[in-house]
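Below you'll find the structure, written out as structure tokens, and then a few comments.
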2 protein chains.
Amino acid sequence: MTTDAFLADCRARLAFDLLSHTWNAVVLWALRDGPRRPVELREQIGGISSKVLTETLRRLQFNGLVERQAHGGAPPRVEYGLTALGRTLLEPIGAFGAWAFAHGDEVMAAQEAGSG
Amino acid sequence: MTTDAFLADCRARLAFDLLSHTWNAVVLWALRDGPRRPVELREQIGGISSKVLTETLRRLQFNGLVERQAHGGAPPRVEYGLTALGRTLLEPIGAFGAWAFAHGDEVMAAQEAGSG
DNA sequence: CAGGATCCTATTAGATACTG
DNA sequence: CAGTATCTAATAGGATCCTG
């Protein structure tokens, strides 16, 4: 496939849109080991507010990547887990993680060189 | 590595930050076949303004992923190409592209099901 | 605990016009 | 053509309070 075709394809745009939301990939990755409750996700991820986490989960749910499971009662207990489709995204996300571990220091070095 | 460690690592955050800017991955991908001039990139990508393209290129340059080469004269001729570091990112980006081609239709189906 | 409703701020990108 | 300046609209995200 050509670069042009790739960029023009709406599915490719879709993939980029998924990535363009800061927390999408982070939350998906945090769910890799199985369903989690919101409070657990917040602890695990760190630095994400309740509101933003909820919005992110709704977005992922809307895109068919995450499913919500409510175990009724009080206090409420809700879990979010990856769908089959969501699990297929773990591999590409993992590829980025691997890249970050391999080359992250080079990026940081470039940043310091550029700003100093 | 554990999920916690992955998420806490600043290099991982870095990777996610790279992705969180809408056009970063698109522009990197558009440069995969070799250096391009800004006007060529705009045509190839489509839907990106001169200003946003310039900002994106500066950002990528700052992160050591892209390098600028000016061939002086009038009219000015400038080319942007991937650095060695930038080229290492093509593989993970390609993984996402492949995912989009394989599963993009499922995401779109989920969106329609959710909104309808 | 889950998560909705508000308010507020910083950032982004798009449009346009202009300079060298 | 390359790139900047300016203005504006949209949005993400943070903080906070409140409800079931």
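Treat the numbers as computed from the prediction; the structure is a model and nothing was measured. Numbers restart at 1 for each chain; the letters A, B, ... are given by sequence-line order, proteins then strands.
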(message) B:Leu90 vs B:Leu31, test: side chain to side chain contact (heavy atoms under 4.5 Å, CB included). Steps then yes/no.
(response) CA-CA 9 Å; B:Leu90 289 178; B:Leu31 290 172; over 6 Å; no

(request) Sequence neighbours left out, what passes ring-ring contact (aromatic ring centres under 6.0 Å, His included) with B:His103? Give chain and number order. (result) B:Trp99

(message) So if I take residues 60-70 of chain B and measure heavy-atom distances to DNA chain C, which residues fall below 4.0 Å?
(response) none

(request) Measure the distance from CG on A:Leu53 to C1' on C:dG4 and round it to the nearest whole Å. (result) 14 Å

(request) Would you kindly give the CD-to-C1' distance between A:Glu55 and D:dT11, to the nearest whole Å? (result) 10 Å

(request) Apply side chain to side chain contact (heavy atoms under 4.5 Å, CB included) to B:Trp23 and B:Ile45, showing your working. (result) CA-CA 10 Å; B:Trp23 296 105; B:Ile45 294 172; 3.8 Å; yes

Could you pull out every donor-acceptor pair under 3.5 Å between side chains of residues 61-78 of chain B and any protein atom, sequence neighbours left out?
unit_1	atom_1	unit_2	atom_2	d
B:Asn63	OD1	A:Gln111	NE2	2.6
B:Asn63	ND2	B:Arg59	O	2.8
B:Arg68	NE	B:Tyr80	OH	3.3

(request) Among C:dG3, C:dG14, D:dC1, find the nucleotide with the atom closest to the side chain of B:Val39. (result) D:dC1

(message) When you measure from the side-chain N and O atoms of A:Arg37 to the phosphate of C:dC1, is any distance below 4.0 Å, counting only OP1 and OP2?
(response) no

(message) Testing the basics here: between B:Gln44 and B:Ala30, what is the closest heavy-atom pair and its distance to 0.1 Å?
(response) NE2-O, 3.2 Å

(request) Could you check whether B:Arg42 gets within reach of a base, just the sugar-phosphate, or nothing at all, counting any heavy atom under 4.0 Å? (result) nothing

(message) Quick check on the helix from C:dC1-D:dG20 to C:dG20-D:dC1: what's the angle between its two end axes, five base pairs per end, to the nearest 10°?
(response) 40°

Below 3.5 Å is the cut-off: list the nitrogen or oxygen pairs between protein and nucleotides 15-20 of chain D, distance only.
none

(request) Answer yes or no: is there a donor N or O on one side and an acceptor on the other, between the side chain of B:Arg87 and the main chain of B:Leu82, under 3.5 Å? (result) yes

(request) Go through C:dG3, D:dA12, D:dA2 for me and flag the one nearest to the A:His21 side chain. (result) D:dA12

(message) How many whole angstroms separate atom CD1 of A:Ile48 from atom C1' of C:dG3?
(response) 14 Å

(request) Mind listing the closest non-hydrogen atom pair of B:Leu18 and B:Asn24 along with its distance? (result) O-ND2, 3.1 Å

(request) Under 4.0 Å between any heavy atoms, over every strand shown, what does A:Thr54 touch: base, sugar-phosphate, or nothing? Just pick one. (result) sugar-phosphate

(request) Measure from CZ on B:Arg58 to P on D:dA5 and round the result to the nearest Å. (result) 11 Å

(request) Return yes if some donor-acceptor pair links the side-chain N/O of B:Glu106 with the main-chain N/O of A:Leu85 below 3.5 Å, else return no. (result) no

(message) If you assign each of B:Val52 and A:Pro38 to its closest nucleotide in DNA chain C, which residue comes earlier from the 5' end?
(response) A:Pro38

(message) Could you work out, with side chain to side chain contact (heavy atoms under 4.5 Å, CB included) as the rule, every residue matching B:Glu91, not counting sequence neighbours?
(response) none

(message) At less than 4.0 Å, is any side-chain N or O atom of B:Arg77 found next to OP1 or OP2 of D:dA2? Yes or no.
(response) no

